[in-house]
Amino acid sequence: MAMARPFIFKACLLSAETPNLLKKNRMDPKPFSEKDQFFSTTAEKVTTNGAANISLQEWQGWGAISPVPAMVIEVIQDLKLLEKDIGAHLDFGGNHGKLQGDFKVQEDKKHRAKFQSLGNSEKKLQFFSARQIACRLLGSRGYLCQKCWLPMEDCMCSRLLPFPLWHRIRFWLYMHPKDFLRQNNTGKLLCQVFGTHAATLCLFGISELEEIMWSALNFSGRRNVWCLYPNKNAMPMSVQDTFIQNSSRDHQSEQNSVLGDERMNFILIDGTWSNSQAMFKRLKDKAQVVWGEDLPCISLNAGVQFLSLSESRPQPSWDRTCTAAAAVGLLYELHLVPEFSSHGLDSQAEAIEDALEILFESLTARRLRMGRSISRKERHYSNLC
């Protein structure tokens with residue numbers, strides 16, 4: 001059997017001159033409802049003066065489904081105590097999540113000392129992740145839209161069209177804390193378009209969210225879980241290998257086929273490629289604890305053609321692509337499986353493609369409005385398509 005090449009995509013360059021490259025014959029996007037836009041406008045009412053507590057409503061407004069993580073609360077309380085001790089206010093300089101000034105110097109010393117005092121690598125990871133997230137939450141108040149994670153003046157929520165994902169598919173966005181609230185992050189589009197219970201955010205190192213994800217995965221069973229990642233230590237399984245050939249060999253085999261109406265869980269690692277190796281290792285280690293076996297991995301075939309947002313974040317090699325583009329490729333390949341072909345997976349892929357285009361246009365418009373050059377990206381991708 002020929003081995004599938006993982007994550008190979010033909011990307012097409014979008015520019016200001018080609019905004020309609022991937023337009024589909026669909027109705028124009030309608031704004032979110034008044035209820036859906038609640039969290040998009042909430043941030044306008046919150047200031048960054050002082051380290052106020054994070055409410056459950058605010059936390060879940062950013063896309064999470066868990067209670068506010070305990071370690072995040074602890075970090076925020078430490079920031080408030082430091083404010084009192086040194087008589088300096090939290091200052092993010094309007095640069096979402098990045099501390100500024102004298103407070104930054106003092107906080108840096110304190111958090112490094114605490115990090116070194118922690119007893120093991122797990123506690124250090126949890127502290128690192130919680131600090132990243134706490135600072136991004138506080139620094140983004142009144143600056144970023146809670147839905148699209150773009151600055152308020154560049155909010156694209158009114159242009160996005162929500163679209164239902166087939167009920168037998170659930171995406172898990174396993175996101176690195178440094179990608180949380182990142183403006184050019186594309187994984188957030190899955191949550192926006194499909195909803196947080198069809199595409200669920202799980203932050204690396206945040207135990208409350210990781211427990212929610214693994215509880216759901218364990219309930220579904222290993223046979224209904226796949227990580228979309230090029231595992232170099234095992235033979236990559238393509239969508240065809242997993243859902244067509246194996247299923248046709250033995251429809252009754254619990255190990256080789258997806259049975260009945262059970263939900264299929266796909267883990268998408270959402271972070272830079274330098275961070276993804278540690279994230280994948282954590283997933284593999286947990287799979288060994290839960291099931292005593294390796295985490296099942298799946299890859300995409302070569303030759304899949306769709307929009308990639310690599311213009312906003314250049315990828316280090318052709319076997320790597322942005323999170324949303326990987327989800328698009330997976331949906332298109334699943335659509336080719338006869339058992340799944342009648343469930344509109346191609347239309348669901350198109351909905352994410354449209355959202356990717358809107359995000360790229362919004363990012364490009366922001367750079368142009370701020371007088372920033374986009375020529376570097378144009379030079380880097382002038383040979384595409």
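Model, not experiment: these values are computed from the prediction.
- One distance of note links SG of Cys297 with CD1 of Ile267; it measures 8.5 Å at 0.5 Å rounding.
- Although no hydrogens or angles enter the test, the distance criterion places no donor-acceptor pair under 3.5 Å between the side chain of Trp149 and the main chain of Leu144.
- More than 12 heavy atoms of other shown residues, nucleotides or ligands fall within 6.0 angstrom of atom NE2 in His167.
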Task: salt bridge (Lys or Arg N to Asp or Glu O under 4.0 Å) evaluation trace for Glu210 with Lys286 - done: CA-CA 10 Å; Glu210 289 181 325; Lys286 184 66 175 181; over 6 Å; no

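- Put simply, CG on Leu283 and CG on Asp294 are 12.5 Å apart, with the number rounded to the nearest 0.5 Å.
- For the pair Arg282 and Tyr174, the minimum side-chain heavy-atom distance is below 4.5 Å.
- Counting heavy atoms from C-beta on, the side chains of Ile65 and Thr200 come closer than 4.5 Å.
- Cluster membership check: Phe115 shares its hydrophobic cluster with Leu99, using side-chain heavy-atom separations under 4.5 Å among Ile, Leu, Val, Met, Phe, Trp and Tyr.
- Leu165 and Leu336 fall into different hydrophobic clusters, where Ile, Leu, Val, Met, Phe, Trp and Tyr side chains are chained together by heavy-atom contacts under 4.5 Å.
- Heavy-atom minimum distance, Ala325 versus Leu356: N-CD1, 4.1 Å.
- Scored by the side chain to side chain contact (heavy atoms under 4.5 Å, CB included) test, Ala216 finds Arg170, Trp172 as partners (sequence neighbours excluded).
- Paired with Lys110 under the rule side-chain contact (heavy atoms from CB on, under 4.5 Å), one option of Val105, Ile86, Leu79, Leu82 passes, and it is Leu82.
- For Ser140 (side chain) and Tyr143 (main-chain N/O), no donor-acceptor pair under 3.5 Å exists by modelled atom type.
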Trace of the side-chain contact (heavy atoms from CB on, under 4.5 Å) decision for Leu368 with Thr364
CA-CA 6 Å; Leu368 293 174; Thr364 301; 4.1 Å; yes

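- Atoms CD1 and CE, on Ile206 and Met71 in that order, are 8.0 Å from each other to the nearest 0.5 Å.
- A search for salt bridge (Lys or Arg N to Asp or Glu O under 4.0 Å) contacts involving Arg366 returns Glu153, Asp154, not counting sequence neighbours.
- Counting heavy-atom neighbours within 6.0 Å of Arg112 CZ, excluding the residue itself, gives a total of 12 or less.
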| task | Give the C-alpha distance, both sets of side-chain angles, the deciding distance and a yes or no for side chain to side chain donor-acceptor pair (under 3.5 Å) between Ser215 and Asn218. | result | CA-CA 5 Å; Ser215 177; Asn218 193 30; over 6 Å; no

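- Within the 4.5 Å cutoff, the side chain of Trp59 has heavy atoms near those of the Ser66 side chain.
- Closest of all the heavy-atom pairs between Cys148 and Met156 is SG-N, 3.6 Å.
- Val193 and Ala351 make their closest contact through CG1-CB, 4.0 Å (heavy atoms, listed as atom of the first residue, atom of the second, distance).
- By the 4.5 Å heavy-atom criterion applied to side chains, Met175 and Asn185 are counted as neighbours.
- Residues Arg263 and Asn265 have side chains that never bring a donor and an acceptor to within less than 3.5 angstrom of each other.
- When all heavy atoms are compared, the tightest approach of Ile54 to Val68 is O-CG2, 3.8 Å.
- Although no hydrogens or angles enter the test, the distance criterion places a donor-acceptor pair under 3.5 Å between the side chain of Asn224 and the main chain of Ser220.
- A salt bridge does not link Glu107 to Lys114: none of the charged side-chain nitrogens sits closer than 4.0 Å to a carboxylate oxygen.
- Rounding to the nearest 0.5 Å gives a distance of 14.0 Å between CE of Met279 and NZ of Lys284.
- Salt-bridge formation is detected for the pair Glu361/Arg159: a Lys NZ or Arg NE/NH1/NH2 atom is positioned less than 4.0 Å from an Asp or Glu carboxylate oxygen.
- Remark: side-chain polar atoms of Glu208 are paired, donor with acceptor, to backbone N or O of Ala70 under 3.5 angstrom.
- The side-chain heavy atoms of Leu295 and Val225, taken from C-beta on, include a pair separated by under 4.5 Å.
- For Arg222, the side chain to side chain contact (heavy atoms under 4.5 Å, CB included) partners are Trp291, Glu293, Pro296, not counting sequence neighbours.
- Ile169 is listed as a side-chain neighbour of Leu331, based on a closest heavy-atom distance under 4.5 Å.
- Relative orientation of the His343 and Trp166 rings is parallel, given thresholds of 30° and 60° on the angle between their planes.
- Closest approach of Cys157 to Gln192, counting heavy atoms only: SG-NE2, 3.7 Å.
- Ionic pairing of Lys104 and Asp108 is not present here: no N-O contact between side-chain nitrogen and carboxylate oxygen is shorter than 4.0 angstrom.
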Are Leu300 and Glu333 close enough, and set up right, to give a side-chain contact (heavy atoms from CB on, under 4.5 Å), and what steps lead you there? CA-CA 8 Å; Leu300 302 182; Glu333 289 202 36; 3.3 Å; yes

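- A donor-acceptor contact shorter than 3.5 Å links the side chain of Arg136 to the backbone of Lys178.
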Intermediate values then yes/no, side-chain contact (heavy atoms from CB on, under 4.5 Å), Ile73 and Asn53
CA-CA 7 Å; Ile73 295 175; Asn53 290 325; 5.6 Å; no

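- When the side chains of ILVMFWY residues are joined at heavy-atom separations under 4.5 Å, either directly or via intervening members, Phe266 and Val337 end up in a single hydrophobic cluster.
- The closest donor-acceptor contact from the side chain of Ser129 to the backbone of Phe204 lies under 3.5 Å.
- Leu56 and Pro67 make their closest contact through CD1-CA, 3.8 Å (heavy atoms, listed as atom of the first residue, atom of the second, distance).
- Residues Leu81 and Phe127 fall into different hydrophobic clusters, defined by Ile, Leu, Val, Met, Phe, Trp and Tyr side chains chained together at heavy-atom separations under 4.5 Å.
- Ring geometry, Phe340 versus Phe243: the interplanar angle exceeds 60°, so the pair is classed perpendicular (tilted spans 30 to 60°).
- The distance from the CG atom of Leu268 to the CH2 atom of Trp226 is 13.5 Å, given to the nearest 0.5 Å.
- A 4.5 Å side-chain heavy-atom check between Ile133 and Pro177 finds at least one atom pair inside the cut-off.
- Between Glu350 and Phe163, every side-chain heavy-atom pair lies at or beyond the 4.5 Å cut-off.
- With Gln183 contributing its side chain and Pro151 its backbone, the two residues share no donor-acceptor pair below 3.5 Å.
- In this structure, CE on Met264 lies 6.0 Å from CG on Leu334, to the nearest 0.5 angstrom.
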Given side-chain contact (heavy atoms from CB on, under 4.5 Å), test Leu150 with Leu359 step by step and report yes or no. CA-CA 9 Å; Leu150 295 183; Leu359 175 58; 4.2 Å; yes

